[in-house]
Enquirer: 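Below is one structure. I have some questions about it.
Everything numeric here is computed off the predicted structure, so don't read it as measured data. First the proteins, then the strands, lettered A, B, ... as listed; each starts at 1.
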Number of protein chains: 2
Amino acid sequence: MSPTSPLDPEQLAAYFALMEVSSLLQHAVDQQLREEGGLSYTQFQILATLGENPDGRRRMTDIADRLVHSRSGLTYQVAQLAKAGLVTRESSSDDERAVIVAATPQGLALLGRVLPGHVDLVQQLLLAPLTAREATVLGGLLGRIRTHMTAIPPRSAAPRRKNAPKS
Amino acid sequence: MSPTSPLDPEQLAAYFALMEVSSLLQHAVDQQLREEGGLSYTQFQILATLGENPDGRRRMTDIADRLVHSRSGLTYQVAQLAKAGLVTRESSSDDERAVIVAATPQGLALLGRVLPGHVDLVQQLLLAPLTAREATVLGGLLGRIRTHMTAIPPRSAAPRRKNAPKS
DNA sequence: TATTGTTATACTCTATAACTATA
DNA sequence: TATAGTTATAGAGTATAACAATA
C-alpha cells in the first residue's frame with residue numbers, strides 16, 4: 001500500500017536541506033528588508049515585480065498569479081504598500097473591473113535603496129559556497145523542478161478542492 | 001560602492017528558483033498535513049523531531065535550536081500539540097529548569113498516519129523530475145549551503161541584535 | 001454566467017518584554 | 001549572574017465567504 005517508493009536517504013537529504021536552506025534564507029532576507037526598508041518579503045516581492053516592468057505597472061491578478069497569494073491577501077498587501085505611498089492603484093481603461101498597481105517614484109526609490117543589501121545577503125548566504133558552475137547546476141535543477149511543480153499541479157495528494165470541504 | 005558583485009543571471013536564476021520551489025512545496029506540504037492530520041508544518045516538524053529520537057523525547061531548547069523558533073513561539077506550538085494530546089511536558093530530573101517534551105502514543109500514531117502522504121507529496125512534487133543522481137547532486141549542493149549558513153551566521157548584513165533595537 | 005477585486009471576519013502565528021525559577 | 005521556559009500582549013499576515021461591479 002505504498003504508492004511511491006519511500007525516499008532513499010539521498011532524496012531525504014535533498015528535501016531536508018532544501019527546506020532548511022530556504023527557511024534560513026527567507027528569515028535572513030526578511031529581516032534585512034524590514035530593517036533597511038520596512039518591507040516584508042512579500043511586499044518586497046510585489047514591489048520587485050512592479051519594478052521588473054518598464055512602466056512599473058501590473059494588474060492585481062497578474063501579481064497574484066506570480067506570488068501565490070489569495071486575492072484578499074494581495075489586496076491587503078497592496079493596501080499596505082499604498083498606505084506607505086509606495087504604489088498607487090487605478091482602474092484599467094481596458095477592463096473596468098481590473099485594477100492596475102503602479103510603483104510610485106518613492107516605491108522605485110525604496111526598491112533601489114534596498115536591493116543592494118538584498119543582493120549582498122543572497123550572495124553571502126546562498127551563493128558564496130558555490131562555484132559559478134555549481135550555481136548554474138543548482139539553478140538548472142531547481143528550474144526544472146519549478147517547471148514541473150507549476151505544470152503538474154494536479155497535486156494528486158490533495159486533489160479535490162471544491163468537492164470535499166471536509167467538514 | 002558595491003561590496004559584492006551584482007549577481008549574474010545564472011545566480012539570480014538559482015536564487016529565484018530556490019525561493020519559488022520552496023514556497024510552492026511548503027504550501028503544498030502544509031496543506032496536506034492540515035488535511036490529513038490537522039497539523040501545521042511547524043507542528044509536524046516538532047513531532048517529527050521527537051519521532052527521530054528512539055525515546056520520543058527532547059528538551060525545549062534543543063527543539064528551538066533546530067527549528068529557528070523564538071522561545072515563546074515554541075512554547076506556543078508545543079502547547080497546541082499538548083492540547084491535542086500529541087505530546088506531554090515534564091521537567092527534567094537532571095536540570096529542574098529544563099522541560100522535556102515527549103511524544104505520546106497518539107502523537108507517534110498521528111505521525112505515522114501522516115508520513116506516507118507527506119513522503120508521497122515530496123516525491124511527486126520535488127523529486128519526480130530528477131534522476132537519482134541529480135537528487136544526490138542537489139542534496140549535496142544544498143547541504144553545503146546549509147553548512148555554510150549555519151556556520152557563518154555572522155549575518156553581516158544584520159549584525160547587532162542586542163545593541164540597536166532601532167527604536 | 002464568469003471574472004475582478006474588496007470587505008468583513010476570524011484565526012494562526014510570531015515576536016518582544018517582563019517575569020519566575022533553577023544553576 | 002546566566003540560563004530555561006512561560007506569560008501577556010500586541011501586531012502581522014492569511015484565508016474564507018459574501019459582496020459589488022464589470023465583461
Enquirer: State plainly whether the residues R66(A) and E52(A) are in salt-bridge range, i.e. N to O under 4.0 Å.
Expert: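 Looking at E52(A) together with R66(A), the answer is yes, because their closest N to O distance falls below 4.0 Å.
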Enquirer: Which pairs of donor and acceptor atoms, one on a side chain in residues 78-85 of chain A, lie under 3.5 Å apart (sequence neighbours left out)?
Expert:
none

Enquirer: Can you see if the side chain of Q77(B) gets near the phosphate of dT12(C) - specifically, an N or O under 4.0 Å from OP1 or OP2?
Expert: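 So the side-chain polar atoms of Q77(B) never come under 4.0 Å of the phosphate oxygens OP1 or OP2 of dT12(C).
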Enquirer: Measure the distance from CD on E35(B) to C1' on dA15(D) and round it to the nearest whole Å.
Expert: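 Between C1' of dA15(D) and CD of E35(B): 14 Å.
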Enquirer: What heavy-atom pair brings A14(B) and A135(A) nearest, and what distance separates the two atoms?
Expert: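 That closest heavy-atom pairing would be CB-O, 3.7 Å.
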Enquirer: Which nucleotide wins on minimum distance to the side chain of T75(B), given the candidates dT6(D), dT4(C), dT6(C)?
Expert: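 Minimum distance to the T75(B) side chain belongs to dT6(D).
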Enquirer: Between CZ of R58(A) and CG of N53(A), what distance do you get to the nearest 0.5 Å?
Expert: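 R58(A) atom CZ to N53(A) atom CG measures 4.5 Å (nearest 0.5 Å).
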Enquirer: Are L39(A) and L110(A) side-chain neighbours, meaning at least one heavy-atom pair lies under 4.5 Å?
Expert: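 The answer is yes, as the side chains (C-beta and beyond) meet within the 4.5 Å cut-off.
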Enquirer: To the nearest Å, how far apart are M60(A) CE and dA20(D) C1'?
Expert: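 M60(A) atom CE is separated from dA20(D) atom C1' by 15 Å.
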Enquirer: Report yes if the side chains of Q77(A) and L67(A) come closer than 4.5 Å at any heavy-atom pair, otherwise no.
Expert: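 Heavy-atom side-chain distance check fails, nothing below 4.5 Å.
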Enquirer: Looking at R71(B), does any N or O in its side chain come under 4.0 Å of the phosphate oxygens OP1/OP2 on dA4(D)?
Expert: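 The answer is yes; a side-chain N or O of R71(B) sits under 4.0 Å from OP1 or OP2.
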Enquirer: So if I take residues 80-89 of chain A and measure heavy-atom distances to DNA chain C, which residues fall below 4.0 Å?
Expert: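 Within this stretch, R89(A) sit under 4.0 Å of the strand.
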Enquirer: Out of dA23(D), dT12(C), dT22(C), which nucleotide sits closest to the side chain of D95(B)?
Expert: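 The closest nucleotide is dT22(C).
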Enquirer: Of the options dC13(C), dT6(D), dA2(D), whose atoms approach the side-chain atoms of R97(B) most closely?
Expert: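 The answer is dA2(D), which lies nearest to the side chain.
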Enquirer: Grab the CG-C1' distance between D30(A) and dT14(C) for me, whole Å please.
Expert: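 To the nearest whole Å, that distance equals 11 Å.
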Enquirer: Take the protein atom CD of Q31(A) and the nucleotide atom C1' of dT16(C), then report the distance between them rounded to whole Å.
Expert: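 Those two atoms, CD and C1', are 14 Å apart.
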Enquirer: Which of the following nucleotides, dT14(C), dT4(C), dT22(C), is nearest to the side chain of R59(A)?
Expert: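 Looking only at heavy atoms from C-beta outward on R59(A), the closest nucleotide is dT4(C).
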Enquirer: From CG of L33(A) over to C1' of dA12(D), roughly how many Å is that when rounded to an integer?
Expert: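 Taking CG of L33(A) and C1' of dA12(D), I get 16 Å after rounding.
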Enquirer: In whole Å, what is the span from the CD1 atom of I100(A) to the P atom of dT4(C)?
Expert: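 My rounded result for the distance is 12 Å.
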Enquirer: Would you say S40(B) places a side-chain N or O within less than 4.0 Å of OP1 or OP2 belonging to dC13(C)?
Expert: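 For dC13(C), OP1 or OP2 has a side-chain N or O of S40(B) closer than 4.0 Å.
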Enquirer: Do D30(B) and R34(B) sit within salt-bridge range, that is, some charged N less than 4.0 Å from a carboxylate O?
Expert: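 Salt bridge flag = yes for R34(B) with D30(B).
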Enquirer: For D94(A) and dT4(C), what is the distance between atoms CG and P respectively, to the nearest whole Å?
Expert: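 It is 14 Å, rounded to the nearest whole Å.
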Enquirer: Looking only at the side chain of Y76(B) (C-beta and beyond, no hydrogens), which of the listed nucleotides dG13(D), dT6(D), dC13(C) gets closest?
Expert: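 Taking heavy atoms from C-beta onward, the closest nucleotide is dC13(C).
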Enquirer: If only side-chain N and O atoms of S72(B) are considered, is one of them under 4.0 Å from the OP1 or OP2 phosphate oxygen of dT14(C)?
Expert: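 The answer is no; no side-chain N or O of S72(B) sits under 4.0 Å from OP1 or OP2.
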Enquirer: Expressed as a whole number of angstroms, how long is the span from R34(B):CZ to dT14(D):P?
Expert: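 Atom-to-atom, R34(B) to dT14(D), this comes out as 13 Å.
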Enquirer: Filter on ring pair (Phe, Tyr, Trp, His ring centres under 6.0 Å), then keep only pairs touching residues 38-64 of chain A, sequence neighbours left out; what's left?
Expert: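 Ring pair (Phe, Tyr, Trp, His ring centres under 6.0 Å) check on residues 38-64 of chain A returns F44(A)-H118(A).
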Enquirer: Does dA15(D) have its OP1 or OP2 closer than 4.0 Å to a side-chain nitrogen or oxygen of H27(B)?
Expert: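 Answer yes for this pair, as a side-chain N or O of H27(B) is under 4.0 Å from OP1 or OP2.
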